[in-house]
Student: 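Supplied in structure tokens, the structure appears directly below.
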Number of protein chains: 2
Amino acid sequence: MHETDQQYLSRASLTKKRTRIQAEKEETILDAALEVFSTFGFRGATIDQIATRAGMTKPNLLYYFRRKRDIYLAVLRRTLDNWLTPLEALDSEGDPLSEIQAYINRKLEMSRDNPLASRLFALEILQGAPILSDVLTGQLKLLVDQKAAVIQRWVTTGRLAPIDPYHLIFMVWATTQHYADFETQIRALLGGTIADEGHYDAALSTLNTLFVNGIAPQSGP
Amino acid sequence: MHETDQQYLSRASLTKKRTRIQAEKEETILDAALEVFSTFGFRGATIDQIATRAGMTKPNLLYYFRRKRDIYLAVLRRTLDNWLTPLEALDSEGDPLSEIQAYINRKLEMSRDNPLASRLFALEILQGAPILSDVLTGQLKLLVDQKAAVIQRWVTTGRLAPIDPYHLIFMVWATTQHYADFETQIRALLGGTIADEGHYDAALSTLNTLFVNGIAPQSGP
DNA sequence: CAAAATCCTGACCAATTGGTCAACATTACG
DNA sequence: CGTAATGTTGACCAATTGGTCAGGATTTTG
């Protein structure tokens with residue numbers, strides 16, 4: 001499915017076979033594009049910037065992706081799965097607190113290991129999600145509705161303190177993605193980022209304190 | 001201080017006095033500029049867009065602010081105070097839990113009442129804070145260091161659960177600003193924003209549950 | 001009311017940028 | 001090896017955009 005999707009974007013793939021060079025160059029381009037788009041946004045990025053960072057000329061890059069928008073779309077698609085996976089893994093059969101803790105863990109890891117992807121989506125959504133709006137109201141909404149129902153069940157059966165599942169999910173997103181999206185600010189204030197182990201541990205431990213204490217079922221009658 | 005600062009930006013203010021028309025037009029321009037910059041970022045915004053939204057021609061706008069960057073700077077400056085005020089109001093003499101609760105309140109109100117300002121700063125910081133970096137390492141760091149020290153004292157004296165003050169502040173920022181910055185996503189998932197009273201109350205109540213339970217001092221052994 | 005100051009605009013310019021294309025270079029393959 | 005397919009590039013184009021300017025319109029002020 002991804003394979004065929006990409007065929008529509010990368011023009012060079014109107015060739016009979018997907019050649020070795022195509023595979024290599026397209027990946028190089030998308031890597032470079034992720035860096036540039038996640039820093040400057042769609043309009044702020046230029047094809048030349050991406051081409052330079054990918055070590056090729058502009059017309060050469062445009063041989064692989066005919067339009068700027070095609071590059072952008074391809075980067076978003078390639079990154080989308082990574083973005084959704086952590087929530088997908090939330091298991092309705094597991095222990096509520098551990099599940100949510102594990103979810104926070106995965107999200108914070110993603111912010112550390114792939115901050116560019118986080119910033120790419122942040123920029124896209126900040127600007128009104130012109131490209132991703134379908135994903136938001138479709139794929140993402142389905143997933144969130146489903147997982148929110150799981151959390152709601154945990155609350156109803158008393159295995160979690162009463163809390164709105166949607167807003168709980170928002171809080172997890174907000175707090176974890178913050179470390180990627182506002183990295184510049186974090187660095188200015190802490191003198192480092194969560195790429196530094198000490199800061200990572202402090203962030204994780206704060207998250208755990210907050211969420212575990214925050215949503216553990218209240219003991220007592 | 002603000003007055004004189006602005007003189008450097010708005011060219012028309014090389015006139016002998018600040019005229020009525022200058023005051024009016026400059027405000028109109030900055031309002032329009034906030035809308036446009038907070039949606040498209042600095043590079044994505046065009047002077048024409050701002051001029052159109054301000055109901056004037058491009059050369060006319062450029063009569064008041066000679067360069068695009070001047071408009072951007074002026075908008076950032078005008079909004080900066082609002083951005084810092086909520087944290088400044090955190091009172092070291094108050095009750096820790098109430099103070100933090102009140103802080104969260106103010107921040108969420110700001111996200112509701114001035115989402116454009118929040119998105120403007122978010123875009124600026126996401127892109128590496130090319131303009132604001134001095135503010136981050138200067139004014140903001142001073143303020144945050146000071147308030148973090150206050151919170152640290154609360155922790156040390158056992159009036160707050162042990163938690164890293166910096167990361168606690170980050171969590172407050174993240175969760176409250178999320179509703180402004182990711183409004184598009186919230187709308188896609190909830191069918192509304194915190195401008196709707198129901199959603200606002202749900203968000204606030206979730207925040208309170210999380211933070212109050214999360215950082216209340218653990219009842220004794 | 002008239003001169004001075006301020007305000008406004010159409011026309012224009014140079015730089016940037018997305019995208020094309022013909023011609024040449026390289027690679028794959030029978 | 002030779003030819004067909006694929007890859008690469010300099011030169012170029014049209015649209016967008018930041019910014020200028022001369023001159024006319026309006027407002028302020030004595």
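Protein chains get the first letters and strands the later ones, always in sequence-line order, with residue 1 at the start of each. Side chains included, hydrogens not; waters and symmetry mates left out as well; all remaining heavy atoms used.
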Student: Using modelled atom types and a 3.5 Å cut-off, is there a donor and acceptor pairing between side-chain atoms of Ser92(A) and backbone atoms of Val150(A)?
Tutor: no
Student: Which nucleotide in the set dC8(C), dT6(D), dT20(D) lies at the smallest distance from any side-chain heavy atom of Tyr63(A)?
Tutor: dT6(D)
Student: Side chain of Thr19(A) only, please: which of dT6(D), dT6(C), dT9(C) is the nearest?
Tutor: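 Among the listed nucleotides, the one closest to the side chain of Thr19(A) is dT6(D).
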Student: Are side-chain heavy atoms of Phe37(B) and Ile50(B) found at a separation under 4.5 Å?
Tutor: yes
Student: Between Arg78(A) and Asp31(A) (salt bridge meaning N to carboxylate O under 4.0 Å), is one present in this structure?
Tutor: yes
Student: Looking at Asn60(A), does any N or O in its side chain come under 4.0 Å of the phosphate oxygens OP1/OP2 on dG7(D)?
Tutor: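 Negative; the distance criterion is not met.
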Student: Using the side-chain heavy atoms of Arg20(A), tell me which of these nucleotides is nearest: dT8(D), dA28(C), dT27(D).
Tutor: dA28(C)
Student: Go through residues 41-58 of chain A and report each residue with a non-hydrogen atom lying under 4.0 Å from DNA chain C, sorted by number.
Tutor: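 Output list: Ala45(A), Thr46(A), Ile47(A), Lys58(A).
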Student: If you check every side-chain atom of Lys68(B), which of dT8(D), dG19(D), dC8(C) has the closest atom?
Tutor: dG19(D)
Student: Could you give the CD-to-C1' distance, from Glu24(A) to dT27(C), as a whole number of Å?
Tutor: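 Nearest whole value for this atom pair: 12 Å.
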Student: Honestly, is Arg112(A) close enough over Tyr200(A), meaning NZ or CZ under 6.0 Å from the six-membered ring centre and within 45° of the axis?
Tutor: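 That pair qualifies as a cation-pi contact.
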Student: Between Leu61(B) (CG) and dG10(C) (C1'), how many Å, whole number?
Tutor: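 Taking CG of Leu61(B) and C1' of dG10(C), I get 16 Å after rounding.
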Student: Calculate the interatomic distance between Tyr72(A) atom OH and dG18(C) atom C1'; express it in whole Å.
Tutor: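 That distance rounds to 17 Å.
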Student: Below 4.0 angstrom from OP1 or OP2 of dG19(C), is there any side-chain N or O of Arg66(A)?
Tutor: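 Negative; the distance criterion is not met.
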Student: Quick one: Gln22(A) CD to dG7(D) C1', roughly how many Å, whole number?
Tutor: 9 Å
Student: Using a strict 4.0 Å threshold on nitrogen-to-oxygen distance, state whether Asp145(A) and Lys141(A) make a salt bridge.
Tutor: yes
Student: May I ask you to test the Ile169(A)-Leu189(B) pair for a side-chain heavy-atom distance under 4.5 Å?
Tutor: no
Student: The side chain of Tyr64(B) is closest to which nucleotide in this list: dC8(C), dT9(D), dG19(C)?
Tutor: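 The nucleotide sitting nearest to the side chain is dC8(C).
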